[in-house]
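All ligand and atom numbering here is 1-based and tracks the order in the structure. Any value given below was found using the heavy atoms of this structure, including those in side chains, with hydrogens, waters and symmetry copies removed.
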Amino acid sequence: MSAMTTDFIADQNRARLADHREDFDALARKLARRGLDPETLVKEAMAFAVAIPSWGVGTGGTRFARFPGPGEPRNVFDKLADCGVINALTRLTPTVSPHFPWDKVKDYAELREAAKSLGLAFDAVNSNTFQDQAGQPLSYKFGSLTHTDKAVREQAIAHNIECVEIGRALGSKALTVWIGDGSNFAGQSSLTRAFDRYLESTAAIYRALPDDWRMLLEHKLFEPAFYSTVISDWGSSCLAAQHLGPKAQCLVDLGHHAPTVNIEQIVARLARFGKLGGFHFNDSKYGDDDLDAASVSPFRLYLVFHELAEATRSIGSSFAPAYMIDQSHNVTDPIESLMQSAIEIARAHAQARLVDAEALAAAQEANDALTAHRLLKAGFLTDVSPLIAEARLRAGGALDPIATYRASGYRAAAARERPAVAAGSAGIV
Ligand code: LRH
Ligand code: MN
């Protein structure tokens with residue numbers, strides 16, 4: 001399948017250049033009137049990046065069913081090819097977050113080379129002790145790192161350490177640990193002993209981490225457990241990360257909270273105590289819906305990036321959470337959804353840079369609630385589409401990634417090359 005060439009992208013941009021130039025110049029004048037420097041903002045937008053989940057380029061599903069689309073990736077190499085297209089068009093996604101054993105191969109040097117040839121590198125690796133693999137000696141039905149049986153815990157610890165070894169071969173610098181461990185009945189498990197087993201098991205994984213690595217603990221309110229989840233909220237995750245040590249931090253998956261939770265305040269708290277390690281961006285209305293970022297609550301995503309901008313101002317450049325997407329694309333072309341989501345996340349980041357932080361702090365100190373709210377919202381109310389498009393253009397990307405992707409015929413070519421996958425099997429991937 002032909003890669004998405006810069007010539008093709010330039011061809012597609014040509015017809016859109018004049019309109020873009022006009023829109024960008026108008027926005028630049030508006031930003032300059034606010035005392036902002038458009039060039040600095042474009043450079044910041046060019047430096048922004050978010051990682052693609054390898055499991056996100058295939059069609060996702062639910063517990064009821066999965067309806068595969070045309071040209072489904074057959075293996076991790078197809079997934080990388082699709083990730084390469086997303087980055088070629090958006091210039092926002094130079095890294096991929098892999099998941100094991102879903103992305104398992106014999107030769108990880110070959111996989112690293114394959115990614116490199118597509119202009120990609122690897123972000124945090126994800127372990128998986130929420131499914132039983134064929135031939136796996138012990139089942140995770142009743143848990144993994146917190147299972148009452150030491151042998152099961154050791155099996156899960158060994159898998160995580162294997163993921164660290166794979167990650168080292170791929171050039172990754174972090175391990176994301178999400179476990180579904182929990183219970184479905186009150187009394188089924190000891191809530192305290194389960195947490196103590198989590199601390200003991202993660203401590204064993206922590207000891208295997210290279211010095212320059214991070215371990216990202218991902219909390220989730222519920223599912224697959226429906227009465228209690230061992231790491232159900234940021235409090236449990238932060239207590240564990242503080243207990244483990246400086247290399248352990250918390251990962252915030254936006255969909256892992258009850259609908260009314262103030263996630264931006266969780267972000268502020270974790271950043272304040274040096275425990276904000278990263279994100280899984282997506283959106284949700286009810287549960288862990290894994291919908292496209294900013295497709296339900298763009299203002300909430302903006303408020304998260306406002307707290308990230310505040311933390312960057314107070315902590316400085318050492319503040320570097322891992323930005324990653326984690327979504328399930330059940331009814332759209334995953335490549336289109338991931339491009340759209342990366343752009344919406346870059347939009348929230350760029351908008352948050354527009355806030356007059358000094359004036360906002362003054363209004364907050366003066367308890368001028370409405371002025372403070374208006375100063376904060378001013379970024380969200382600014383259409384930065386021309387600014388993030390300019391960042392793409394200067395980086396060799398597409399002014400309109402989705403239109404350019406559709407014009408390329410990439411999906412049709414993938415469908416010709418990759419055998420159709422039968423519908424029917426349930427599950428998120
Ligand atoms: C759990 C989760 C986790 C991944 C999985 C694919 O809901 O968010 O981050 O391992 O989705
Ligand atoms: Mn996640």
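Protein N/O/S atoms closer than 2.8 Å to the Mn ion (ligand 2), listed by chain and residue number, are Glu218 OE2, Asp253 OD2, His280 ND1, Asp326 OD2.
Where the criterion is an N or O separation shorter than 3.5 Å, residue side chain and backbone included, Trp55 fails it with respect to ligand 1. In terms of polar-atom proximity, defined here as any N/O pair under 3.5 Å, Asp253 does make such a contact with ligand 1. Ligand 1 has no N or O atom lying under 3.5 Å from any N or O atom of Ser127, backbone or side chain. An N or O contact shorter than 3.5 Å links His280 to ligand 1 by distance. Annotation: Asn126 places no N or O atom under 3.5 Å from an N or O atom of ligand 1; distance criterion only. Polar contact with ligand 1: absent for Trp102 (N/O pair, distance under 3.5 Å).
Ligand 1 places these atoms under 4.0 Å from at least one heavy atom of Asp288: 7 (O). Atoms of ligand 1 lying under 4.0 Å from at least one heavy atom of His99, given by number and element, are 4 (C), 10 (O). Every atom of ligand 1 is numbered from 1 in the order shown, and the set under 4.0 Å from a heavy atom of Glu218 is 2 (C), 3 (C), 8 (O), 9 (O).
Judged by distance alone, with hydrogens and angles left aside, the side-chain atoms of Ser232 form no donor-acceptor pair with the main-chain N or O of Ser228 at under 3.5 Å.
From Glu344, atom CD reaches atom CG of Asp292 across 9.5 Å, with rounding to the nearest 0.5 Å.
In Asn128, neither the side chain nor the backbone holds a heavy atom less than 4.0 Å from any atom of ligand 1.
With contacts defined as side-chain heavy-atom distances shorter than 4.5 Å, the pair Asp400/Tyr405 does not qualify.
Of the charged side-chain nitrogens involved, at least one lies within less than 4.0 Å of a carboxylate oxygen, so that Lys150 and Glu200 count as a salt-bridged pair. Between Asp149 and Arg197 there is no salt bridge, since none of the side-chain N atoms of the basic residue sits less than 4.0 Å from a carboxylate O of the acidic one. Under the 4.0 Å criterion applied to side-chain N and carboxylate O atoms, Asp283 and Arg300 are assigned as salt-bridge partners. Salt bridge Glu162/Lys104: present, at least one basic N to carboxylate O contact under 4.0 Å.
For the salt bridge (Lys or Arg N to Asp or Glu O under 4.0 Å) with Lys220, the qualifying choice from Asp181, Asp233, Asp288 is Asp288, the only one to do so.
Remark: Arg168 CZ is loosely packed, at most 12 non-hydrogen atoms of other residues, nucleotides or ligands lying under 6.0 Å away. Dense packing is recorded around CZ of Arg74, with more than 12 heavy atoms of other residues, nucleotides or ligands lying under 6.0 Å away. Few gaps surround CZ on Arg313; more than 12 heavy atoms of other groups in view lie less than 6.0 Å from it.
At a 4.0 Å cut-off, not a single heavy atom of Glu223 sits close enough to ligand 1 to count as contact.
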